[in-house]
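Quick notes on the structure that follows.
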Amino acid sequence: MHQYYVREDRPAGSSAKDLFEYCVKKVKDKNLFPKAMMHSQWSNILFGYESNSNTRIDLMSKVKNQYDIYFTHELKYSFDEGKIARDFPYLLGIEEDEEEGDYTTDSLIKDTIKALNKEIAEQNDPQNIESFKGNDLTLVRHQGRSYIYQVRITINDGQEPNFHESIPFILKVYDKEVTCEAIDFDYETGVLFFTTNRQINPASYCKVLLDSSFILEELRHRLEDIKNHGVNEELPFAKFLFEETEEISKVSHKTAPLSFFDRLDSSQKKAFLAALDTDLTLIWGPPGTGKSFTLASIIYALYQLGEDRTVVCCLSNVAVDQLLCKLLDIIEREGLMISPGNIYRAGRSMDSRIIGTDYLFPNDERTKSLRNQIKDNNEKILKLKEHKQDKSEMSIVLKAANKELREELKAHTDFLVKSSRLVFSTISNFILNTNLYESKFDNLIVDEASMMAMPSLLALGHNISKRLILVGDFQQLSPISMVKDDLLIESVFEMSGVNIKNTDHPALHQLLNQRRSNEKIVDLINRTFYQGKLIPAAKENEEVIYSDPFPGKIIALKRVKDGAVRYTKGGTRQNKVFAENVIDILDTLAKDKNADFTIGVITPYKGQVSLLRALKRERGYDDHFGSRVKIGTVHTFQGSECDIIIFDMVDCYVLENGHSNRLGKLYHDNGGERLLNVAVSRARHKLIVVCDPDYIKNIPGNKITPNMQSLFNKLSKY
């Protein structure tokens, strides 16, 4: 074995990533990729420069455990050259293909795949996989083919667990990985209930790993399929590939019945008619301008034409259900009779109204039985909640049963994807569901398209023959990516050449009447973000405006001069003094036992969310008040609204150690503009900003845009 020893250099650092990259390069240099060896042999070969054999073994274990997916899993294992070439081509000296001649559709798809490869590699880096320490893993019940377990997880500063129902995760117990799905999570106790189809031995310690890269991997597979089969350049989505989005084509169609048309305002009518008449429509929907109602009206009209198949996609299941319910409102108001199977909600809906709407499902006995079981379980769960037993074993068992029933209902009715004239789905379900991905549709509608990047548009649009209708607000949050590649961080609006300096695009139609927020809140964002074009149209709510705190004020500052920022272990930020001031505001609001208005507490940082939630738990507010308060990051609030918004800025002049503080990166540049816009525009009747007014008026450095400074200057005067 000595001929393989590698001693000539050492890794650049001691992190798992440094060690992994060092190992791959050495395996490549020594032509060891096909070779399978024992762990101790690899240790000696790759880390032979270490004199202590235990040190060599520990270093190899660190690499193997942290980058497990890049190894074969036999006792004698090898490095998986294919996966490494896919995700880390630079380690193998693989050069990116140089394109020759004109830029083609194939070129852009290849570039998009390359960008996805980089993003997947980043997400697969163990340092970027969100993990939680778990304790007291125990079996709750064995039910049918599923096992129900509970585990108590430790939430560190800066972690914001997102264990909503059916979210997949990996449980690692004794070096074995088990795929699981969440049922319920109690943030206060840290107890996570979940199901899996494998039996797991009880354990005092385990790890819970959240990894959504499997969606990106499937998306990459879809794009490779599109590249291999070629692109029909006559389809609407090809306009994005050739940068020809300004070349709008007319779409001929029957006359749509417009009995509901008068309910739209003038800007909504223009967007509505364009969506029916042209092959590409970009609808710019600033906060509170009736985007969802306009969209539901367009969907209804396309259905009424009776000649097309339409698929409607949103980012989240909640957004899909909300939009579908908007459509149901119009259908009921217009008295339209729908035959079963013509409209289909693909995926799993948790909305009781959707589950209870007969025409959204086929009329067979199995479907009826599944829906009735879900309805009965929901009624039992609600009764348990009324008796404060929503975390009891019976409640968890019922929720687990419903999860399985919804999955069975989805599998049983999935054939409707290929026959329904109108299909609703999340973007991720569209990508993962082969039936849906391979189906041919005439029209594609995407809500919150300003948060969708090019890879998803290519996958969604590849089989759309007539219309692309993309709806969103490019002045709000943009796509999120770890890799700073334009194909991943620019929205489809930006890829069309649309931005605040270029709003004359022929496909772009802006909604103008702002019905959500008080006129003063609209004025705060109007000229700064929307060229002063928004028309305030909301009624004042005197009950909220004239109640404590800050009675009579619509915009108010909670002035805090003694705050200090601290960094958590996860690198996020907290400000305890600011958080305590937020809780003081909540204490005041909680005194009115008869109030029923909603309250949102927004902050840019996950660390501050964790702190605020902990302080709220310590207060022990009653259920009525607690249910009216939502705490989250700005990103979690996009698309939401509340009667009162409390914006906790967190940043101020000093750190806890007394040193001066630099403004957080989340506030920097155009991304900071969008974040601030979302934060303040969630408020309907009252906005309270917790900050140091001197700081926001004189923010040190030059990281914020003139628009942001203008808005901060306005706020500092309240």
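Small disclaimer: the values here were computed from a predicted structure and weren't measured.
- A donor atom on one side chain and an acceptor atom on the other are not found under 3.5 Å apart for Arg348 and Asn402.
- With contacts defined as side-chain heavy-atom distances shorter than 4.5 Å, the pair Val311/Phe424 does not qualify.
- Between the side chain of Thr636 and the backbone N or O of Thr633 there is at least one donor-acceptor pair closer than 3.5 Å.
- Remark: the Ser267 side chain and the His509 side chain contain no N/O donor-acceptor pair separated by less than 3.5 Å.
- A donor-acceptor pair shorter than 3.5 Å can be found between the side chains of Asp211 and Ser213.
- In this structure, a donor-acceptor pair under 3.5 Å is absent between the side chains of Asp308 and Thr310.
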Kindly indicate, with the supporting measurements, whether the criterion side chain to side chain donor-acceptor pair (under 3.5 Å) is fulfilled by Thr705 and Glu673. CA-CA 7 Å; Thr705 65; Glu673 269 194 27; 2.7 Å; yes
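- Geometric assessment of Arg309 against the ring of Phe441 yields a positive cation-pi assignment under the 6.0 Å and 45° thresholds.
- By the 4.0 Å N-to-carboxylate-O rule, Glu246 lies too far from Lys239 to be salt-bridged with it.
- One finds the CG atom of Asn499 at 7.0 Å from the CZ atom of Phe474 (value rounded to the nearest 0.5 Å).
- A distance-only check finds a donor-acceptor pair linking the side chain of Thr112 to the backbone of Leu108 [under 3.5 Å].
- The side-chain tip of Arg421 points at the ring of Tyr303 from less than 6.0 angstrom away and within 45° of straight on.
- A salt bridge links Glu641 with Arg516: the closest approach of a Lys/Arg side-chain nitrogen to an acidic carboxylate oxygen falls below 4.0 angstrom.
- The shortest non-hydrogen separation linking Pro168 to Leu210 is O-CD2, 3.9 Å.
- Counting only distance, with no hydrogens or angles, the side chain of Gln476 and the backbone of Arg674 share no donor-acceptor pair below 3.5 Å.
- Between Ile331 atom CD1 and Leu327 atom CG the span is 4.0 Å, to the nearest 0.5 Å.
- The CD1 atom of Ile283 sits 9.5 Å away from the CD atom of Gln268 when rounded to the nearest 0.5 Å.
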Tell me, with the steps shown, if Ile469 and Leu444 meet side-chain contact (heavy atoms from CB on, under 4.5 Å). CA-CA 6 Å; Ile469 302 167; Leu444 167 68; over 6 Å; no
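- Just one residue in the list Ile120, Ile431, Asp225, Ile215 forms a side-chain contact (heavy atoms from CB on, under 4.5 Å) with Arg220, and that residue is Ile120.
- Residues Val483 and Ile489 come closest through the heavy atom pair O-CG2, 3.6 Å.
- Ion pairing between a basic and an acidic side chain is recognised when a charged N comes within 4.0 Å of a carboxylate O; Glu181 and Lys403 show such pairing.
- Considering every non-hydrogen atom in both Phe240 and Val492, the closest pair reads CE2-O, 3.5 Å.
- Side-chain contact, Asp414 with Asn433: a donor N or O sits under 3.5 Å from an acceptor N or O.
- With hydrogens and angles disregarded, no donor-acceptor distance shorter than 3.5 Å links the side chain of Thr367 to the backbone of Asn363.
- Counting only distance, with no hydrogens or angles, the side chain of Asn526 and the backbone of Lys533 share a donor-acceptor pair below 3.5 Å.
- Note that CE of Met495 is 4.5 Å distant from CG of Leu487, once rounded to the nearest 0.5 Å.
- Nearest heavy atoms, Ala301 versus Phe260: CB-CZ, 4.1 Å.
- Under the side-chain hydrogen bond (donor to acceptor under 3.5 Å, both in side chains) rule, Ser481 has a single partner from Lys118, Glu490, Glu119, Gln123, which is Glu119.
- No donor-acceptor pair under 3.5 Å is formed between the side chain of Ser420 and the backbone N or O of Val423.
- Between the CD1 atom of Ile298 and the OG1 atom of Thr281 there is a distance of 7.5 Å, given to the nearest 0.5 Å.
- Under the 4.0 Å criterion applied to side-chain N and carboxylate O atoms, Asp485 and Lys114 are not assigned as salt-bridge partners.
- To the nearest 0.5 angstrom, Lys410 atom NZ is 12.5 Å from Leu416 atom CG.
- Ser349 and Asp321 are linked by a side-chain donor-acceptor pair at a separation below 3.5 angstrom, with hydrogens and angles left out of the test.
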Test side-chain contact (heavy atoms from CB on, under 4.5 Å) on Phe293 and Asp329; report intermediate values, then the result. CA-CA 10 Å; Phe293 177 68; Asp329 290 340; over 6 Å; no
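- With hydrogens and angles ignored, the 3.5 Å screen pairs no side-chain donor or acceptor of Arg222 with any backbone N or O of Leu460.
- For His462 and Asn232, the side-chain atoms include no donor-acceptor pair closer than 3.5 Å.
- Between the side chain of Gln531 and the backbone N or O of Ile500 there is at least one donor-acceptor pair closer than 3.5 Å.
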Is there a side-chain contact (heavy atoms from CB on, under 4.5 Å) between Leu711 and Met708 once you walk through the steps? CA-CA 5 Å; Leu711 192 145; Met708 282 187 68; 5.8 Å; no
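- Using bins of under 30°, 30° to 60° and over 60° for the plane-to-plane angle, the ring pair Tyr67/Tyr70 lands in the tilted bin.
- At distances below 3.5 Å, at least one donor-acceptor pair connects side-chain atoms of Ser450 with backbone N or O atoms of Asp473.
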Working for salt bridge (Lys or Arg N to Asp or Glu O under 4.0 Å), residues Lys28 and Glu81: CA-CA 9 Å; Lys28 174 182 176 292; Glu81 186 176 9; over 6 Å; no
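- Ion pair Arg371/Asp358 flagged as a salt bridge, since at least one NZ, NE, NH1 or NH2 atom sits closer than 4.0 Å to an Asp/Glu carboxylate oxygen.
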Could you walk me through whether Arg345 and Asn317 satisfy the side chain to side chain donor-acceptor pair (under 3.5 Å) test, starting with their C-alpha distance in whole Å, then the side-chain angles of each, then the deciding distance to 0.1 Å, before giving a yes or no? CA-CA 10 Å; Arg345 167 53 163 107; Asn317 274 302; 2.8 Å; yes
Please lay out, stage by stage, how Asp265 and Lys270 fare under the test salt bridge (Lys or Arg N to Asp or Glu O under 4.0 Å). CA-CA 9 Å; Asp265 64 42; Lys270 289 178 182 177; over 6 Å; no
Assess the residue pair Asn342 and Leu422 against the criterion (side-chain contact (heavy atoms from CB on, under 4.5 Å)); give the C-alpha distance rounded to whole Å, side-chain angles, the decisive distance to 0.1 Å, and a yes or no. CA-CA 6 Å; Asn342 276 315; Leu422 180 56; over 6 Å; no
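- Annotation for Arg515 and Thr289: closest pair NH1-O, 4.0 Å, computed over non-hydrogen atoms.
- Taking the six-membered ring where the residue is Trp, Phe430 and Tyr437 present perpendicular rings, their angle passing 60° and hence far from 30°.
- Listed here is the closest heavy atom pair of Pro287 and Tyr530: CD-OH, 3.1 Å.
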Should Arg353 and Glu332 be marked as a salt bridge (Lys or Arg N to Asp or Glu O under 4.0 Å) after you check the CA-CA gap, both sets of side-chain angles, and the distance that decides it? CA-CA 13 Å; Arg353 181 184 181 187; Glu332 290 176 9; 3.0 Å; yes
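- At most 12 heavy atoms of other shown residues, nucleotides or ligands fall within 6.0 angstrom of atom NZ in Lys440.
- Between the Asp279 side chain and the Lys466 main chain, no donor and acceptor come within less than 3.5 Å of each other.
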Take Thr413 and Tyr344 through the side chain to side chain donor-acceptor pair (under 3.5 Å) test and state the conclusion after the steps. CA-CA 9 Å; Thr413 60; Tyr344 180 56; 3.0 Å; yes
